[in-house]
Amino acid sequence: MDKNIFAPDSLHRHIIILIIFLSALVVKFLVFYLITDPIIFVKYPHFAQQIAAGKNIGERLLDLSPFYLLINRLSFYIYAQNWEALVILQIIIGSLNCIVVYLIGEKIFGRKTGFLAAILLLLYGNLTLIDLTLEPEAILIFLNSLLILLLINIEESNSHLKSWLWLSAGLLTGLSVITKPNSLLVLIGILIWICFIRREKLSRFRSTFLLLIGVIIAVAPVTARNFLIFHDFVLVTADGGKVFYHGNGPEANGMERADLPHQGFIEESSDEPDYAHTLFRKTARAISGKDLKPSACSAFWVGQTLAHIRSDFPAWLYLELKKFGLFWHSYEVHDIDSNYKYYVTLKKFPLLNFGIIAVLGILGIVLSRKKFRDAFLLYWMILTYLSTVLVFFASSRYRIPAAPFLAVFSAFFMTYAASLWKEKKIRTLLIIFSIFIALSIAIHLPWQNELARFDRWQKATRIHYILGGKFLYNKGLYLQSIAELQKAIDLEPNFVPAYNLMGKCYALTNNYHLAEKYFQKVIELSPQIDEGYINLGLLYGLTGNDSKARLYLEKALAINPQNEKTRIRLQKQR
C-alpha cells in the first residue's frame with residue numbers, strides 16, 4: 001500500500017472504505033462457507049414462523065428481543081424458510097460495521113487508527129461467528145456503532161439539522177434498547193456525556209429532550225404492547241431475573257450457568273426452543289404459590305439470587321473478580337451449541353482472538369487519557385458491556401458488543417507505538433512492550449485447568465450429545481447416534497442425558513438388554529427424576545413384563561404426579 005494512502009484525499013479515503021468493506025465480506029463469507037453447517041439454532045425463526053401462522057406464543061413474547069423478532073418476521077415474509085438469507089444480511093451488516101468503526105476511529109484518533117481498528121475488527125474471528133448466529137447481537141453491534149458515530153459528529157453538523165440528528169440518535173438508542181434492554185446503560189452514558197462531558201454547553205436541555213423523545217418513540221410501542229396483552233408493566237422483556245440467576249445463583253462459576261434442577265431433561269421434553277424461560281416462570285409460581293405476572297416472576301428470581309449472594313458474600317465477590325478476568329480473557333465462552341462447535345474449528349484459522357484485542361485495547365485506553373472528552377463514549381460502551389458481564393455471566397455474546405470500541409483503542413495503541421519507534425524512543429517502547437507481555441500473560445493464563453475441564457464438558461454435551469447423538473437420533477440414525485453418545489460418555493462419565501438417549505437408541509434397535517442397562521444407569525445417577533423410571537417402565541411394557549412396567553411407572557408418577565402422560569401410560573398397563 002502506498003505510504004500516501006492515508007493522506008486526506010477523498011479518492012484515497014473512498015479506496016480505504018472499499019478495501020475495508022470487501023475484505024470484511026471475504027473473511028466473513030469464508031468463515032460462513034468453510035466452518036458453519038446448515039442452521040440448527042433457530043429460536044427466533046421458530047417464533048417468527050409461529051406468529052406468521054397466526055399462533056399465540058403467549059408469554060414467550062416477553063423472552064424475545066422485539067426488534068430482532070421483527071427482523072425475523074420480515075425475513076420470513078420475504079424469504080420464507082430460507083434463513084440463510086438473513087445470515088447473509090447479517091454478514092453485510094457486519095461488514096458495514098467495520099466501515100463505521102473506521103469512521104469512528106478516524107474521527108477521534110485519525111485515519112491510521114481508524115483503518116487499523118477496522119482491520120482488527122474484521123480479523124476478529126469470533127465476531128464473524130456472532131454475525132452468523134440468528135441472535136440479536138449482530139444487529140445490536142451495528143446500531144451501537146452507528147449511534148456513536150452519529151453522536152461524535154453532531155457538534156460539527158449544520159445547526160438546522162441538529163434537532164433531527166438528536167432525534168435520530170434517540171431513535172437509534174431506543175432501537176438498541178428494544179434489541180437488548182441492557183442498552184439502557186448506553187442511554188445513561190449518553191446523558192452523562194451531554195450534561196458533563198460535551199464541549200457545547202448551551203443546548204443541553206434541548207439535546208436531552210430530543211434524545212429522550214427519540215428513545216420513547218422506539219420503546220413505548222413495545223411497553224404498551226406488553227401492558228395491553230399481559231396487563232403487566234414490562235419495559236421490553238421480562239427475563240432479567242432469570243439471567244441474573246444464571247450468572248450468580250448456585251453452581252454459577254462465571255463460565256457455567258446456574259440452572260434449575262434437572263433443567264436439561266425438562267427442556268428436552270419440550271418442543272419450544274430455549275424452554276428454560278417458561279420453566280423459570282413455572283417454577284417461580286410453584287415455589288411462591290401465586291399466579292405471578294411475568295415481571296413478578298423475574299423479580300422473584302432476582303430475590304432468590306440476592307438471597308444466595310447474601311448467604312456467601314465472599315464467594316460472590318470472588319465470582320465477580322473471576323467474571324472481570326474472564327471479560328478480558330482470550331477464551332470465548334459460548335452458550336449456543338453450534339457456536340461452540342464452530343469456535344473449536346475457528347481456533348485453527350489464522351484469525352485474531354479477543355485476548356489480543358483486549359490487551360492492545362487496555363493499553364490504548366490508558367494511553368489515550370488525554371483524549372478523554374473525545375473518547376468518552378467509547379470508554380462508556382466498554383464499561384457498559386463489562387458491567388453486563390459482571391451482573392450476568394461471561395458469555396461471549398455478552399461481551400462482544402464491546403469489541404468494536406476496544407478495536408479502536410487497540411489501533412490507537414498500535415499507532416502510538418509506531419510513533420515511538422519512528423521517534424527512536426526505544427526505552428519507552430521497551431517499557432510498554434514489557435507491560436504488553438505481562439498483560440498478555442495475565443489475560444491468558446488464569447483458570448487454565450478449569451477452562452480445560454469446561455472445554456471437555458462442552459465437547460461432550462454440545463458437540464457429541466446435542467449436535468451429534470441427539471441430532472442423529474432425531475434423524476433415525478440410531479447406530480451413528482450411539483457412537484456419538486459414547487464419545488460424550490467417555491468425556492463425561494456422569495452425563496445422564498447421554499445414557500438416557502443411549503437407552504432409547506438400543507431400545508429402538510431391539511437391543512433390549514443394553515437398553516435396560518442404560519436406563520438403570522440413568523436411575524442410578526438421577527434417582528430423583530422420573531425420566532429413567534418412565535423409560536424403563538416403557539421398556540418392560542414393550543417386552544411383556546407388565547408387573548415391572550407398572551412398578552417403574554408408579555415410581556415415576558410418585559416423583560412427578562403432574563405428568564399426565566405417565567398417568568395415562570400406567571392406566572394402559574393395568
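- Looking at Glu156 and Lys162, no side-chain N of the basic residue comes within less than 4.0 Å of a carboxylate O on the acidic one, giving no salt bridge.
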Hey, mind stepping through Trp164 and Leu210 against side-chain contact (heavy atoms from CB on, under 4.5 Å) and telling me if it holds?
CA-CA 8 Å; Trp164 290 106; Leu210 291 169; over 6 Å; no
Step by step, would you call Phe67 with Val222 a side-chain contact (heavy atoms from CB on, under 4.5 Å)?
CA-CA 9 Å; Phe67 189 53; Val222 174; over 6 Å; no
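- Residues Glu320 and Lys323 are paired through a salt bridge, judged by an N-O separation under 4.0 Å between the basic side chain and the carboxylate.
- In this structure a side-chain-to-backbone donor-acceptor pair under 3.5 Å is present from Asn353 to Ile356.
- With 3.5 Å as the limit, one finds a donor-acceptor pair spanning the side chains of Ser176 and Asn144.
- Rounding to the nearest 0.5 angstrom, the gap separating the CG atom in Leu103 from the OG atom in Ser145 is 10.5 Å.
- A salt bridge links Lys371 to Asp374: one of the charged nitrogens lies within less than 4.0 Å of a carboxylate oxygen.
- Remark: the backbone N or O of Thr133 is not paired with any side-chain donor or acceptor of Glu137 at under 3.5 angstrom.
- Between Gly189 and Phe376, the closest heavy-atom pair is O-CE2, 3.5 Å.
- Although no hydrogens or angles enter the test, the distance criterion places a donor-acceptor pair under 3.5 Å between the side chain of Ser368 and the main chain of Ile365.
- Closest approach of Ala411 and Ala117 over heavy atoms only: CB-N, 3.3 Å.
- The aromatic rings of Phe209 and Phe205 lie parallel to each other, their planes meeting at an angle below 30°, with 60° marking the opposite boundary.
- Contact check on Arg399 versus Glu332 returns a salt bridge, with a Lys/Arg side-chain nitrogen under 4.0 Å from an Asp/Glu carboxylate oxygen.
- Phe412 and Phe109 have tilted rings, their planes meeting at an angle from 30° to 60° on a 0 to 90° scale.
- A distance below 6.0 Å separates the ring centres of Tyr379 and Phe409.
- Side-chain atoms of Arg204 come within 3.5 Å of backbone atoms of Cys195 as a donor-acceptor pair (strictly under, hydrogens ignored).
- A donor-acceptor pair under 3.5 Å links the side-chain atoms of Trp380 to the main chain of Leu185, judged by distance alone.
- Closest non-hydrogen pair, Ile93 versus Ala138, comes out as CG2-O, 4.3 Å.
- The aromatic rings of Trp166 and Trp193 sit tilted, their planes meeting at an angle between 30° and 60°.
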Could you go step by step and tell me if Tyr102 and Phe115 meet the side-chain contact (heavy atoms from CB on, under 4.5 Å) rule?
CA-CA 5 Å; Tyr102 161 73; Phe115 181 75; 4.3 Å; yes
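- In the displayed structure, Glu251 atom CD is contacted under 6.0 Å by at most 12 heavy atoms of other residues, nucleotides or ligands.
- Formation of a donor-acceptor pair under 3.5 Å by the Ser75 side chain with backbone atoms of Ile71 is not found in this model.
- No option in Arg397, Lys43, Lys341 other than Arg397 meets the side chain to side chain contact (heavy atoms under 4.5 Å, CB included) test with Ile336.
- Under the 30°/60° scheme for interplanar angles, the aromatic rings of His329 and Trp447 are found to be tilted.
- A heavy-atom distance below 4.5 Å is not found between the side chains of Val219 and Leu175.
- Using a 4.5 Å heavy-atom cutoff, the side chains of Leu86 and Leu134 are in contact.
- Closest approach of Pro181 to Thr237, counting heavy atoms only: CG-OG1, 3.4 Å.
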Verdict with reasoning, Leu121 to Leu127, per side-chain contact (heavy atoms from CB on, under 4.5 Å)
CA-CA 8 Å; Leu121 198 64; Leu127 180 58; 3.6 Å; yes
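- Residues Ser396 and Asn126 bring a donor and an acceptor atom of their side chains to less than 3.5 Å of each other.
- In this structure, CG in Leu167 is found 9.0 Å from CG in Leu211, a value given to the nearest 0.5 Å.
- Other residues, nucleotides and ligands contribute only 12 or fewer heavy atoms inside 6.0 Å of the OH atom of Tyr79.
- A donor-acceptor pair is defined here as one N or O able to donate and one able to accept, closer than 3.5 Å; such a pair exists between the side chain of Gln90 and the backbone of Asp131.
- The aromatic ring centres of Phe327 and Tyr385 sit 6.0 Å or more apart.
- A pairwise comparison of heavy atoms in Ala48 and Leu69 identifies N-CD1, 4.1 Å as the closest pair.
- Of the inter-residue distances, the one linking Phe349 atom CZ with Leu30 atom CG reads 8.5 Å to the nearest 0.5 angstrom.
- Asp259 and His246 share a side-chain donor-acceptor pair at under 3.5 Å.
- The aromatic ring centres of Tyr44 and Tyr68 sit less than 6.0 Å apart.
- Side-chain contact between Asp274 and Asp63: absent, with no pair of heavy atoms (C-beta onward) separated by less than 4.5 Å.
- Using a 4.5 Å heavy-atom cutoff, the side chains of Leu171 and Ile217 are in contact.
- The neighbour count for Lys425 NZ, taken as heavy atoms of other residues, nucleotides or ligands under 6.0 Å away, does not exceed 12.
- Counting heavy atoms from C-beta outward, Val333 and Phe393 have side chains that stay 4.5 Å or more apart.
- With contacts defined as side-chain heavy-atom distances shorter than 4.5 Å, the pair Thr36/Val87 does not qualify.
- Residues Trp316 and Phe313 place their aromatic rings such that the two centres sit under 6.0 Å apart.
- The aromatic rings of Phe433 and Phe436 lie parallel to each other, with less than 30° between the two planes, well short of the 60° mark.
- The closest side-chain heavy-atom distance from Ile463 to Gln458 is not below 4.5 Å.
- In this structure, the side chain of Ser330 does not engage the main chain of Gly355 through any donor-acceptor pair within 3.5 Å.
- Atom OG of residue Ser395 and atom CG of residue Asn339 lie 9.0 Å apart, to the nearest 0.5 angstrom.
- Between Lys322 and Glu450 there is a salt bridge, with a side-chain nitrogen of the basic residue lying less than 4.0 Å from a carboxylate oxygen of the acidic one.
- Between the side chain of Asp239 and the main chain of Lys242, no donor-acceptor pair closer than 3.5 Å is present.
- In summary, Glu106 and Arg13 engage in a salt bridge, as defined by a charged side-chain N under 4.0 Å from a carboxylate O.
- Distance OH/Tyr398 to CG/Leu390: 13.5 Å, rounded to 0.5 Å.
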Might you work through the side chain to side chain donor-acceptor pair (under 3.5 Å) test for Asn248 and Thr305, ending with a clear yes or no?
CA-CA 6 Å; Asn248 302 278; Thr305 308; over 6 Å; no
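- Asn153 places a side-chain N or O within 3.5 Å of a backbone atom of Leu149 that can act as its donor or acceptor partner.
- Considering OG1 of Thr415 and CZ of Phe413, their distance stands at 9.5 Å, rounded to 0.5 Å.
- In plain terms, the two heavy atoms of Asn97 and Pro404 that are nearest each other are ND2-CG, 4.0 Å.
- Residues Ser387 and Leu383 form a side-chain contact, since some pair of their non-hydrogen atoms from C-beta on lies under 4.5 Å apart.
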